[in-house]
Amino acid sequence: MARPRLVLLTPRGVAGVAVVAIAATDRTGFLAQVLRRPDGSAWSVSATSADAAVPRLALLQLDGVAVDQVVVVERADRTELCLHGAPAVLDALADRCELVGPSPAADRVERLLRSARSDAQLALALEQRGAETLAELCARLRRLGAPARRREARAALARSRVAQALAEPCRLVLFGAQNAGKSTLLNRLAFAPRALVGDLPGLTRDPVVEPIELCGYPYLATDTAGEGDAAGELDRAAIERGRAERRGGLAVLVVDGTRSPTLAEREWWQHADLRVRTKADLPGAGWPADLVPDAVVGCAGEGSAVAVRAALGAALRRQRGLPPAPPDGVGGAVAWDADGCAELAALADEPGPAAAS
Ligand SMILES: Nc1nc2c(ncn2[C@@H]2O[C@H](COP(=O)(O)OP(=O)(O)O)[C@@H](O)[C@H]2O)c(=O)[nH]1
Ligand SMILES: [Mg+2]
């Protein structure tokens with residue numbers, strides 16, 4: 001007999017309840033094998049519509065041993081079993097069938113629901129839980145005429161970018177010269193004295209990583225060792241580590257705005273994703289007109305944090321081309337990965353996926 005397919009409807013956990021579903025076509029023989037009525041007599045699938053969605057108690061019996069009490073709900077197209085979801089029970093069932101987890105997209109939404117750090121993330125997860133799936137959306141778009149299909153696919157792509165940016169923190173890596181003010185900036189962004197600050201060059205060695213939210217979008221801000229003369233082996237290693245951190249993240253150059261940028265800073269200016277002129281609360285001299293920063297901040301005192309966060313958050317939103325963070329979800333189905341975005345881009349007659357940065 002072919003192994004029946006059992007779909008896991010709830011995320012795998014270490015405890016709690018697991019709900020699994022078996023399709024109507026697979027169920028009769030399998031359920032007769034593994035279920036008993038509470039009095040131990042044989043289980044029969046009640047396919048009458050009058051019984052639909054009526055929960056019934058049963059014993060889950062594997063190799064003649066009752067291992068769990070389960071609630072069975074029969075529906076027209078499937079039977080659902082609400083198990084006590086201890087991993088051992090699921091594993092024992094998985095040995096007897098093909099246990100299929102939730103789709104990656106559904107899993108993504110469940111994880112967001114459980115790990116949400118803001119109201120906006122929670123609202124997005126709840127919205128996406130009830131929204132059309134991407135497959136349903138794409139099937140619907142294929143039935144539309146070309147102009148409407150393109151328009152809706154483009155809107156879905158834009159929604160996807162926002163949803164991905166809301167759900168997945170973007171890595172920010174602060175870099176620049178020693179004493180530029182990177183650690184002070186990180187502390188303002190974090191609303192807390194996370195990194196040591198001082199006039200001593202080479203003070204920051206290990207990267208300091210802090211989850212933060214700016215203008216409603218989540219980030220992982222990383223403070224790194226300043227570029228400059230390395231007094232010894234440890235400082236050289238710290239600078240190398242900082243450079244490695246920048247790969248794959250948004251490189252945020254921090255420049256001390258009280259003096260003229262050095263040649264090295266002019267070089268980094270070309271390659272940075274975002275350029276911040278700091279110490280704007282102090283009198284400055286010699287800032288060149290040709291270097292226009294994305295944000296200008298003064299980080300003196302903890303009281304500056306709100307303004308610093310607003311300035312950097314707005315600059316990042318501009319740099320990433322993101323709208324104001326929507327507090328109540330994005331308004332429809334989204335693609336969570338590059339393949340999904342490519343499918344939507346094809347429906348929009350666009351050349352490639354708009355990957356989230
Ligand atoms: N007034 C003022 N001082 C700052 C500002 N940012 C940094 N500093 C000071 O500049 C020095 C170096 O700062 P720090 O954050 O340790 O620089 P880092 O080496 O780039 O991490 C410290 O004495 C800070 O207090 C700022 O925006 N305003
Ligand atoms: Mg530092």
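Keep in mind that what you see is a predicted model, and the values were worked out from it rather than measured.
Residue Leu263 qualifies as open at atom CG: its count of foreign heavy atoms under 6.0 Å is 12 or below. Counted within 6.0 Å of CZ on Arg117, heavy atoms from surrounding residues, nucleotides or ligands total 12 or fewer; the atom is thus considered open. Within 6.0 Å of atom CD in Glu302, 12 or fewer heavy atoms from other residues, nucleotides or ligands are found, so the atom counts as exposed in its surroundings.
By the salt bridge (charged side-chain N to carboxylate O under 4.0 Å, His left out) test, Arg159 pairs with no residue at all, sequence neighbours left out. For Glu110, the salt bridge (charged side-chain N to carboxylate O under 4.0 Å, His left out) partners are Arg129, not counting sequence neighbours. Legend: residues meeting side chain to side chain donor-acceptor pair (under 3.5 Å) with Glu152, ordered by chain and number and at least two apart, are absent. Considering only residues two or more places apart in sequence or on other chains, Arg154 meets the salt bridge (charged side-chain N to carboxylate O under 4.0 Å, His left out) condition with none of them.
A donor-acceptor pair under 3.5 Å links the side-chain atoms of Arg309 to the main chain of Glu213, judged by distance alone. With hydrogens and angles disregarded, no donor-acceptor distance shorter than 3.5 Å links the side chain of Lys182 to the backbone of Val255. Distance alone, capped at 3.5 Å, is enough to place a donor-acceptor pair between the Glu136 side chain and the Thr133 backbone. In terms of modelled atom types and a separation under 3.5 Å, the side chain of Thr224 and the main chain of Leu174 share a donor-acceptor contact. Between the side chain of Arg36 and the backbone N or O of Ser41, no donor-acceptor pair lies under 3.5 Å. Side-chain N or O atoms of Gln121 include one that pairs as donor or acceptor with a backbone N or O of Leu166 at under 3.5 Å. In terms of modelled atom types and a separation under 3.5 Å, the side chain of Arg188 and the main chain of Gly301 share a donor-acceptor contact. With Arg78 contributing its side chain and Val7 its backbone, the two residues share no donor-acceptor pair below 3.5 Å. Using modelled atom types, one side-chain atom of Ser160 and one backbone atom of Ala156 make a donor-acceptor pair closer than 3.5 Å. Side chain of His84 to backbone of Asp68: no donor-acceptor contact under 3.5 angstrom is found.
Atom CG of Leu35 sits about 9.5 Å away from atom CD of Gln61, to the nearest 0.5 Å. Atom CG of Leu344 sits about 6.0 Å away from atom CG of Leu137, to the nearest 0.5 Å. Expressed to the nearest 0.5 Å, how far CG of Leu214 lies from CG of Leu172 amounts to 7.0 Å. One finds the CG atom of Leu90 at 6.0 Å from the CG atom of Leu99 (value rounded to the nearest 0.5 Å). Between Arg149 atom CZ and Arg142 atom CZ the span is 9.0 Å, to the nearest 0.5 Å. If you take CZ on Phe30 and CD1 on Ile22, they are separated by 5.5 Å, rounding to the nearest 0.5 Å.
Within the 4.5 Å cutoff, the side chain of Tyr219 has no heavy atoms near those of the Arg171 side chain. Residues Gln164 and Arg161 are not in side-chain contact: their nearest non-hydrogen atoms beyond the backbone lie 4.5 Å or more apart.
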Practice prompt. Carefully, step by step, assess Leu220 and Glu210 under the rule side-chain contact (heavy atoms from CB on, under 4.5 Å).
Written response: CA-CA 6 Å; Leu220 274 181; Glu210 192 64 18; over 6 Å; no
Assess the residue pair Asn187 and Thr184 against the criterion (side-chain contact (heavy atoms from CB on, under 4.5 Å)); give the C-alpha distance rounded to whole Å, side-chain angles, the decisive distance to 0.1 Å, and a yes or no. CA-CA 5 Å; Asn187 290 345; Thr184 309; 5.7 Å; no
Test salt bridge (charged side-chain N to carboxylate O under 4.0 Å, His left out) on Asp63 and Arg96 and set out the steps.
-> CA-CA 11 Å; Asp63 300 330; Arg96 290 157 175 83; 2.6 Å; yes
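A salt bridge does not link Glu74 to Arg27: none of the charged side-chain nitrogens sits closer than 4.0 Å to a carboxylate oxygen. Under the 4.0 Å criterion applied to side-chain N and carboxylate O atoms, Glu265 and Arg277 are not assigned as salt-bridge partners. In this structure, Asp349 pairs ionically with Arg150, as a charged nitrogen and a carboxylate oxygen lie closer than 4.0 Å.
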For residues 280-294, run the donor-acceptor check on the side chains, cut-off 3.5 Å, and write out each pair with its distance to 0.1 Å, sequence neighbours left out.
unit_1	atom_1	unit_2	atom_2	d
Trp287	NE1	Leu291	O	3.0
Asp290	OD1	Arg266	NH2	3.2
Asp290	OD2	Arg266	NH1	3.0
Asp294	OD2	Arg275	N	2.7
Asp294	OD2	Arg275	NH1	3.3

In residues 322-342, what donor-acceptor pairs under 3.5 Å come from side-chain atoms, sequence neighbours left out?
unit_1	atom_1	unit_2	atom_2	d
Asp337	OD1	Asp339	N	3.4
Asp337	OD1	Gly340	N	2.8

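Each of Leu83, Val19, Val20 was checked for a side chain to side chain contact (heavy atoms under 4.5 Å, CB included) with Leu8, and the lone residue meeting it is Val20.
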